[in-house]
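Okay, structure first, notes after.
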Amino acid sequence: MPAASRRRFLSQGVALSGAIATGRGIAGDAKSDTPPGEPAWSRSLGAPILASPYGVPSRYEANTVRRQSPGLTRTPHSSVAFTPLASLFGIITPSGLHFERHHAGVPDVDPRAHRLIVHGLVREPRIYTMDDLVRFPSVSRIHFIECGANSGMEWANAAVPGVQYSHGMLGCSEWTGVPLAVLLEEAGFDRKRARYVLAEGADGASLTRTIPIEFALDDVIVAYAQNGEMLRPEQGYPVRLIVPGVQGVSSVKWLRRLEVGDAPWNTREESLHYVDLMPNGVHRQYTWIQEAKSVITSPSGGQTIAARGYQEIRGLAWSGRGRVKRVDVSTDGGRNWRTATLQEPILPKALARFRCDWRWQGEPAFLQSRVIDETGYVQPSIAALREVRGKRSIYHNNAIQTWRVAASGEVSNVQLG
Amino acid sequence: MFNWVEGLVAAAFALGLSAGADASRYDLGRTPTTAEIAAWDIDVRPDGTGLPDGRGSVADGQRLYDAKCASCHGTFGESTDYMALAGGVGTLASDQPVRTTGSKLNYATTLFDYIRRAMPFNAPKTLTNDEVYALTAYVLNLNDIVPAGAMLDRASLIAVKMPNRDGFTRQHGMGSVRGTPDTRAKACMHDCVANVRVTSELPEYAKGSHGDIALQTAHWIAPQAPASGSAAAIATAKGAGCMACHGVAKGVIGPAFVDVARKYADDAGAEARLVRKVEEGGSGVWGSAPMPGQAHVPAADVRAIVRWILGGAGD
């Protein structure tokens, strides 16, 4: 047969090319990488060691990258790149995929010149080099970081197509560093008067946030490492704050100064921004806590369920108040729910992975997940949230997310009333 | 209220130390000099703590603003490209709140603090204290908060009353882990809603706004149809950006795919060569315009597209 039609024939599929290979008695059809063909990578040498001294993902995984939401911000230096939640597994966000949010770009901080000053209401102010900080007794803990504005585009209506954009200002890492409590004690902070700590970054914005002393002495970490290696520049290299369970902006990156004080600072990031507009025009200020929230990451908006039959519904749940206790999943828009399986370990103020069996037979469906945390708090519907907070807030939208599955298998973002 | 004694004892206990230990137990770092602290300690609180000496007039501020700020924030602070600094007073309770420095901020001291640490955006911390006072005065004047003849210094800045001074509350449950939430959803399990009603879906104009989500998702998660089908190959070619330079029936910068199929109809080695050509790029076969290497496209996709082209590029 002519080559062109033979090629067309081959392209019909694996089964046919298999028949040809057998018919021609060739062990290993060089044209097919699937059995009974012998794939190219099985017939040659692979790359040598150190082809990539710092390993990178397979080139077949090029879809899994951070992305920005077109039109959301006017400058790439004060902007957001979202975590590709739909393509990730488990609870740890790879460091290179952890969302980015900067207010003045990513500074190129030289760790040898970087200093952290602790002062204010302390008996003995301290200045530390990175060497000093890394020598302190260390802790490693797994915590999520969620931007206070995560899902902020969806207060009034469904606005973005997929979970990367609707929930992707979220990541979870193992953070290593020295507890802030140790540094405060070391400086002999004024136990009577100290009520707040100001954290300041070394970037162009020198971003500042007020941290209540109650949080500072509990579980806040002055962290220099993420997922086993030094922080990435866009995550605050060489040192940042981790304020578990609190809106991400408080986990000040490129940390250079900690000041102990007796009153909050009312900084720009806690007066002009990161405050919650209520229907009466009043802003709630110092809304630190990220309340419990969950989202189904697969199937999720923009995907198409390829075939009927078994689907594992997968998602993430978290709470700024502690541990996730339970996650329920609905496939009929919240009419009926069943309890999902939670993957151990379930850690305080960390992402929890949930999963739930589903057999999809081609019927239209509305997928939802609902988390209950250890305080008994139940994640609200968007309607319930709006009843209290209206539609014009930007921050702290922790509503139940709905994904509509059409008969075609197409999944899209909708809100239910 | 938090019991700091308990907290400290717990922290000290966790470290295996007694609560009465010396202040500098690890003897790391050193005491900073007053000058070192002062150089970085630039924060200003609402009560004016931290405001430096110095002063500046609205007139000086206008000159500075026109030179260093107006390009981004607009002559009257009206630009929304880089955040509006003026306007919107009284709109916060409306359906269209206009959120600007003038309409939203509660204390002018915060404006001073922010300009001093973070502006101009492209050259932060280059302004003198007098300049920051002047710029603060001018931004306040743009909002009709201080008169055109005003001069600001520490005392007069503290005295400024912003329109939204009383527009903030700390009466909410999100200030502490033990705070009381403002929603009280119940975990109902069966027959929870009578009517499932879609109240909002992605507006038509927003559907393509973020590109093709399937092509932004791992193949495993959003399986694309097997590469042998023409429809899948076309979708892959579109997603890979090939169609920016190629048409199926008509050439663009590169040749029409039907012409490529015709040219190599009887060439058994074409597939392997064209896969390499697409990956590496090249020119001279169809004209002088080069095809850039398409190394960003996964090898399996390139192969699938090339097979589809050589198969006649049909649908």
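To find a chain, count down the sequence lines: A is the first, B the second, and so on, and within it residues start at 1.
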* A/Glu259 and B/Trp40: CA distance, side-chain angles, deciding distance, side chain to side chain donor-acceptor pair (under 3.5 Å) verdict -> CA-CA 11 Å; A/Glu259 179 176 355; B/Trp40 281 9; over 6 Å; no
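- Contacts between B/Ala261 and chain A at a heavy-atom distance below 4.5 Å are absent for every atom of the residue.
- Judged purely by distance below 3.5 Å, without hydrogens or angles, the side chains of B/Thr110 and A/Asn266 pair a donor atom with an acceptor atom.
- A donor-acceptor pair is defined here as one N or O able to donate and one able to accept, closer than 3.5 Å; no such pair exists between the side chain of B/Ser200 and the backbone of A/Asn157.
- Distance alone, capped at 3.5 Å, places no donor-acceptor pair between the B/Arg170 side chain and the A/Gln285 backbone.
- Panel note: side chain A/Arg268, backbone B/Leu105; no donor-acceptor pair is recorded below 3.5 Å.
- B/Arg184 does not touch chain A: none of its heavy atoms, backbone or side chain, sits under 4.5 Å away.
- Separating the OH atom in A/Tyr286 from the NE2 atom in B/His172 is a distance of 10.0 Å, to the nearest 0.5 Å.
- Here the straight-line distance linking atom CG of A/Leu416 with atom CZ of B/Arg197 works out to 9.0 Å at 0.5 Å rounding.
- B/Thr169 and A/His283 share no donor-acceptor pair across their side chains, judged by distance under 3.5 Å alone.
- Checked by atom type, the side-chain pair A/Glu185/B/Tyr26 shows no donor-acceptor distance below 3.5 Å.
- Contacts between A/His77 and chain B at a heavy-atom distance below 4.5 Å involve backbone atoms as well as side-chain atoms.
- Contacts between A/Leu133 and chain B at a heavy-atom distance below 4.5 Å are absent for every atom of the residue.
- Counting heavy atoms from C-beta outward, A/Pro125 and B/Ile37 have side chains that approach closer than 4.5 Å.
- Of the possible donor and acceptor atoms, one in the side chain of B/Lys125 sits under 3.5 Å from a partner among the backbone N and O of A/Gly204.
- Contact tally against chain B (heavy-atom pairs below 4.5 Å) for A/Asn336, A/Val414, A/Val411: the top residue is A/Asn336.
- In this structure, B/Arg45 forms a cation-pi arrangement with A/Trp265, its terminal cationic atom sitting closer than 6.0 Å to the ring centre and no more than 45° off the ring axis.
- Atom CZ of A/Arg392 is separated from atom CG of B/Leu92 by 8.5 Å, given to the nearest 0.5 angstrom.
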